[in-house]
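Only one structure is covered here, and it is reproduced in the block below.
Just so you know, these numbers use all the heavy atoms, side chains as well, and skip hydrogens, waters and symmetry mates. Lettering of chains follows the sequences in order, A, B, ..., and the numbering in each one begins at 1.
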Amino acid sequence: MKSINVKVLLKASPIWIFILFELVFFSVAGSYLSLSDKAFMDVDNMLLLLKQSAPIGIIAMGMAIIMINGNIDLSVGATFAIAAIVLLETMSSPMFEGLGDWVIPIAWGAALLVGTLLGAINGLIAWKTGVDAFIVTLGSMLGFRGLVFMFNGENPTSHLNWTLVDFAEAQFLGLHTATWFLLVVTAAIWYLMNRTVHGRNAYAIGNNREAAVNAGIRVGPHMMINFMLIGFLAALSAVVFYSESGSVNPNDGQLYELWIITAVVLGGTKLTGGSGSILSTLGGVIAIQLLRKGLGHIGADTSTVNLVIGSILILVLFLDRQINIKGREELKV
Amino acid sequence: MNTPTPVLRLENIVKTFPGVRALDGVSLSVLPGEVHALMGENGAGKSTLMKVLGGIHQPDEGQVIVNERPVVMNGPLEAKALGIVFIHQELSLAEELSVAENVYLGELPTKGFGRVDWHELYQKTDAILAKLKVGFDAKTLVKDLSIANQQMVEIARALTVEAKVVIFDEPTASLTDAEKRVLFDVISDLQANDVGVVYISHRMEEIFKITDRISVLRDGQYQGSVATKDTDEEGVTQMMIGRKLDLTRKESNHELGKIALEVRNLSSGKAFNDVSFQVRSGEVVGFYGLVGAGRTEIAETLFGLRNKSSGEILLNGEVIDVKSPRDAIEKGISLVPEDRKGQGLVLGMNCRDNMTLPQVDDITAGPFVAEGAEIAIFDQYRDSLDIRTPGWKQDVGNLSGGNQQKIVIAKWLSMKPNVLIVDEPTRGIDVGSKSEIHKLLRKLASKGLAVIVISSEMPEVMHVSDRIVAMYSGRVTRTFECGEVTEDNLVQAISGVSKLA
Ligand SMILES: Nc1ncnc2c1ncn2[C@@H]1O[C@H](COP(=O)(O)OP(=O)(O)OP(=O)(O)O)[C@@H](O)[C@H]1O
Ligand SMILES: [Mg+2]
């Protein structure tokens, strides 16, 4: 009896249970190993953790809809870097010198526009050529990154605007600006996927493309919109992050796509598309951030962190398979 | 008598695919309020013709005329807007979504800014489901439904618009008798409202029960139409395959061998309980019962797909434990599964590779797969099962529904098993090939195989079996020896009337 309840619970919200487990584990392990005199579950620490989740989290929301739709986008890290350069370049451009802080909305707008455009390029190519999104975005990942290096060589692009820094460091109801962005994006994407025709059609396409086509759903435009959205979100993530940091290295955002896909998969979205939950994706993002922070807290180095996260990902996929098999008791794997 | 104007006419439709002329100048008309059967062998072009009608394929040549106006349809929604609704042969559902979303797939009701009007969606869907008398509601996820109920979701789509023409492409292939009755009620309702119904099926008894007219295709060519009351099974078969069918069962008087498979008090969870039976080599044992009686589950257990909760399985007198399908295959047990699309085929792979998939390890030359041997196997079964494909390179996904089935059957026959279990072997298969498959099963038995045939079609079990095991709700109600079975006592046995015998 007990074991069945656990299974039901695991099926309903596995990622949140996992997060709970992480919290307990790191608190206990942290105090037991007494490597750090600060408690892990300290409020400030947790708020900081949410803030640090934001850059990846905002993009992960876009990745969730792309994957639910049955595609994948490997170019988000490069898009993130390009948007960051556009942001900082616009702000330091002599063209807008006389505008004072009014340059901020212009720079934001420019970065977001460029991000959306890059996404549109991905979507359009995948739609019109019929080439798999994996290949298309693998190409654009390399291409976009090339653009970043062409722009400024190996040098960082920098510009700090103190108004923006103040804005980014502000806390409202305790949560940082970046966290608010993450929450608002999550809510908006949740609404999009659960309440609008576009969202429901995206699920249908990812779930059974042929059935969707048979029902007259136009697969191409939906895919296009989703790629524009993820491009926009990658730029938004850059805007939020670089408003505070003010300096972008040409290598920034590298491997983001992998962290993001890991977070989305941890959140229960199927690689084959058609199913996945936005709230669980948020859970996946937080779980990964917790792992990174928690392992640091108990003294593990970066390579150990990567090893652990990799193993956990595989374990999660395996468990998911075990739990979701048809006719649980009698049917075998 | 003046004939009413057709709601729909097709004129000289031609449709070709690479290597196949699927439709070759087909003309057809559908009158308001008639049920029009479209018949033909597997691969004759029925589904293709209907896909042209449903806006999914564009014809290469010819005209579609709706209400005496020529139309061009560039997609299923345009066809639907003209009042043409198409219920597909293969389930065409997004399983992770709710029933309501599937019924209105492609045209969810909205309330501005692209927001779904859930209230309206659920209300409309529940109203349709009530008409269909199904036991689930609009919010149920499709993946939680049985295949039969999923088929009912497809059928619900026919009732979402004011249809002028509704096309049913083999709707009854996986329905139980009760659901069939509901479907036929739906069809006669449509008929009463002057909707033209096109009905595709390989089941003769249905055709003669509900249709008014029969049109026949053969190899993509139109063979003519006849009023149903003016013809009979033999006449239709003649039109379809160009010859008469030999339906006699040739009694090969081969000796029955030892008991090959024995099952003692086998149970598996709630699926079936305390089941015992024996199959000798050289014998065909039919399992008859309603959909859901537990027959498929027994097969799954014998094939290592399902765990038994108690009981014993004996193969050639020895107790065995079947751990997995691989294990079963090694022991000489094969299963042709019921859900062929889901369990039996890799749709994106070609015909030959699908057929030889389970034995690819055995037909090797050095480290490589022996192509010649593979093609030889393919050729042999293409001929004996009359599989219609331009060649072994064709992707299975491009074959007609019935020909896909034949590939799966060939796949397991080519394994040369000792015990062969076939689950609904002729579902979706045309009359000609049906009798070929029956003959083949008998022939395999005469060569010493032990054969188990699971079927929901009474003529089929009575025709192929030496003995019949009747099941009702997870239990064996009676075992009939050859000769003692009649339609009456068989029906009783599977409906739970004549309790445990
Ligand atoms: N998309 C496609 N690509 C290539 N060939 C196709 C395609 N669709 C159908 N065909 C071919 O067209 C022919 C007619 O197929 P169709 O599905 O219309 O047959 P059918 O009469 O419905 O048969 P069944 O009774 O088996 O369902 C077959 O030879 C099939 O292989
Ligand atoms: Mg067909």
Side-chain angles (χ1 to χ4, degrees), chain A residues 4 8 11-12 64 67-70 132 188-222 225-226 229 268-278 280 324-333, chain B residues 51 54-56 74-81 86 88 90-98 100-111 113-118 121 141-144 154 157 267-272 297 300-301 303-309 322-325 347 397:
Chain A
I4 291 175
V8 170
K11 226 177 149 177
M67 286 173 62
I68 286 168
N69 195 200
D132 202 81
I189 296 293
W190 181 87
Y191 191 85
L192 180 77
M193 293 311 280
N194 290 292
R195 291 286 178 267
T196 72
V197 173
H198 171 73
R200 301 319 292 170
N201 283 355
Y203 270 101
I205 294 167
N207 191 194
N208 187 343
R209 195 184 157 107
E210 208 184 315
V213 171
N214 281 342
I217 293 174
R218 298 191 59 214
V219 173
H222 284 294
I225 291 176
N226 288 338
L229 264 172
T269 299
K270 279 197 195 142
L271 278 167
T272 46
S275 100
S277 130
I278 299 301
S280 298
N324 285 318
I325 301 161
K326 261 210 296 209
R328 264 138 290 167
E329 300 99 5
E330 298 104 23
L331 262 187
K332 298 181 184 174
V333 185
Chain B
K51 282 182 186 161
I56 293 165
N74 290 312
L77 285 184
E78 286 181 31
K80 222 172 177 180
F86 186 12
H88 287 264
E90 309 290 344
L91 288 172
S92 184
L93 301 170
E95 298 201 338
E96 300 277 347
L97 302 188
S98 68
E101 285 176 283
N102 271 285
V103 170
Y104 282 91
L105 194 64
E107 20 178 40
L108 299 172
T110 54
K111 47 179 186 188
F113 302 107
R115 289 173 305 150
V116 177
D117 189 340
W118 295 100
L121 177 66
L141 293 186
V142 169
K143 67 175 171 189
D144 294 332
E154 285 268 357
R157 287 174 169 172
S267 303
S268 172
K270 291 186 209 101
F272 59 88
E297 288 76 6
E300 284 174 350
T301 310
F303 194 57
L305 278 166
R306 185 179 279 275
N307 288 325
K308 61 174 197 235
S309 35
V322 192
K323 292 184 209 71
S324 65
L347 289 178

Applying a strict 4.5 Å limit to non-hydrogen atoms, the region of B:Glu101 in contact with chain A is side chain
Ranking A:Gly274, A:Ala211, A:Ala204 by heavy-atom pairs under 4.5 Å to chain B gives rank one to A:Ala211
If you tally heavy-atom pairs under 4.5 Å between each of B:Gly75, B:Ala94, B:Gly54, B:Gly106 and chain A, the highest tally belongs to B:Ala94
Any heavy-atom pair between the side chains of B:Glu95 and A:Asn207 that's under 4.5 Å? yes
d(B:Leu77 CG, A:Arg218 CZ) to nearest 0.5 Å is 10.5 Å
Residue from A:Ala212, A:Gly206, A:Gly199, A:Ser275 scoring the most non-hydrogen pairs under 4.5 Å with chain B is A:Ser275
Distance col, row B:Leu93:CG vs A:Asn208:CG, nearest 0.5 angstrom, shows 7.5 Å
All heavy atoms of B:Trp118 vs all of A:Asn194, minimum pair found to be CZ2-O, 3.1 Å
Whatever's closer than 4.5 Å to a heavy atom in chain A on B:Leu105 counts as both
Here the gap from B:Leu108 atom CG to A:Ile217 atom CD1, rounded to the nearest 0.5 Å, amounts to 7.0 Å
**Study point:** Residue A:Arg209 excluded, over 12 heavy atoms near CZ under 6.0 Å
**Key:** no
